[in-house]
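A short write-up of the structure that comes next.
Whatever order the structure lists them in is the order used to number ligands and atoms, beginning at 1. Predicted model, so just to flag it, every value in this text is computed and none were measured.
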Amino acid sequence: MAQQDRVYRRPQTQIVDFAFDESVASVFSDMIRRSIPGYETIVPMSALLAARHLETLPATRHLTYDLGCSLGASTLALLRQFSANTLSVVGVDSSPAMIERVNQSVTDPRAQFLCGDILEVPLEPAGAVILNFTLQFIAPEHRDTLLQRVRHALEPAGVLVVSEKIIFEDPEEQALFDAAHLDYKRANDYSELEISQKRTALENVMTLDSDAQHRERFARAGFGTVRKWYQCLNWASYLVYCQ
Ligand code: GEK
């Protein structure tokens, strides 16, 4: 069973910016499940959608990237959904602590994990790319470049899955979903102190876009059809096709 997230349980005299270090990596599975409503649906479903799409492509086009793979949840879900040996998945994460752990826990020879910056690692021609909850941690001025790199790497018939926390133009909708998300965290046993300390730590690290901003960026990067296949409160997931 995953170790319980207690990172922000005690009062901290100085709250430093959130980092994906060893203290976070060691409790990450518990932290993300208790923090993102729909995580346990989005990860397996996005892998299922990617797998079904890969099946429509020739076997030579089955390479898939899991960018910002953390402990490999999306990679593992894809390996489960797609049993053929033609699949290869490359997970990339800039956190050495995450990569060390995932390298120890995932033994399927179809998967490999690299420690690196997704803005820089070379991307080979791929049939699918999964960006689950990672774009929000990329500096806003680099997001267009990242999506353009992904679009360039994807085969013309390829697919990108993007899952993100989103913001809303309507203040009432924003307030409703913010309040419900707070309740979700409380219901998952996070205290007011944990919630507020983590919020402060994330302030400079996680910047959110609206649905419209995401769609505009997908279009600027040269993508075609966009289908929002899931939304739970302020968490959404998109299937983004090259054509
Ligand atoms: C999941 N997808 O479980 N290059 C590489 N990795 C990065 C970069 C970067 N520039 N910036 C941040 N990361 C996973 C969850 S977590 C989301 C993804 C969350 C990595 C960072 O180290 C972290 O592991 C991941 O992106 C974001 O479905 O914690 O809310």
- Report yes or no: does Ser163 have a heavy atom closer than 4.0 Å to ligand 1? no
- Counting N and O atoms only, with roles assigned by atom type, does the side chain of Arg151 sit under 3.5 Å from a partner on the main chain of Phe218, one being a donor and the other an acceptor? no
- Task: Would you mind checking if Arg217 and Asp144 are paired as a salt bridge, meaning a charged N to carboxylate O distance below 4.0 Å?
- Result: yes
- Item | Those atoms of ligand 1 less than 4.0 Å from some heavy atom in Gly68 | 2 (N), 14 (C), 15 (C), 18 (C), 25 (C), 26 (O)
- Counting heavy atoms only, which of Ile130, Val24, Asp93 is nearest atom 22 (O) of ligand 1? Asp93
- Item | Atoms in ligand 1 with a heavy atom of Tyr39 nearer than 4.0 Å | 1 (C), 3 (O), 28 (O)
- Item | Subset of ligand 1 atoms that lie under 4.0 Å from at least one heavy atom of Thr134 | 18 (C), 26 (O)
- Item | Residue pair Lys228, His214: steps toward the side chain to side chain contact (heavy atoms under 4.5 Å, CB included) verdict | CA-CA 11 Å; Lys228 180 157 63 172; His214 281 296; over 6 Å; no
- Check: His152 side chain, Leu123 main-chain N or O, donor-acceptor pair, under 3.5 Å: no
- Counting heavy atoms only, which of Ser94, Ser74, Ala97 is nearest atom 5 (C) of ligand 1? Ser94
- Distance under 6.0 Å and angle within 45° of the ring axis: does Arg227 meet both against Tyr238? no
- Query: Considering distance alone, does some N or O of Asn132 sit under 3.5 Å from an N or O of ligand 1?
  - Reply: yes
- Would you call Ile166 and Trp235 a side-chain contact if the rule is heavy atoms closer than 4.5 Å? no
- Item | Phe137 N/O to ligand 1 N/O under 3.5 Å | no
- Message: Heavy-atom pairs closer than 4.0 Å: do any link ligand 1 to the side chain of Ile138, the backbone, both, or neither?
- Response: side chain
- What atoms in ligand 1 come closer than 4.0 Å to a heavy atom of Asp117? 4 (N), 9 (C), 10 (N)
- Charged N-O contact under 4.0 Å between Glu22 and Arg101: yes
- Query: With only distance considered, is Leu67 within less than 3.5 Å of ligand 1 through an N or O on each side?
  - Reply: no
- Message: Please confirm whether the ring centroid of Phe177 lies under 6.0 Å from the ring centroid of Phe168.
- Response: yes
- Item | Distance filter under 4.0 Å to Gly116 heavy atoms, resulting ligand 1 atoms | 4 (N), 5 (C)
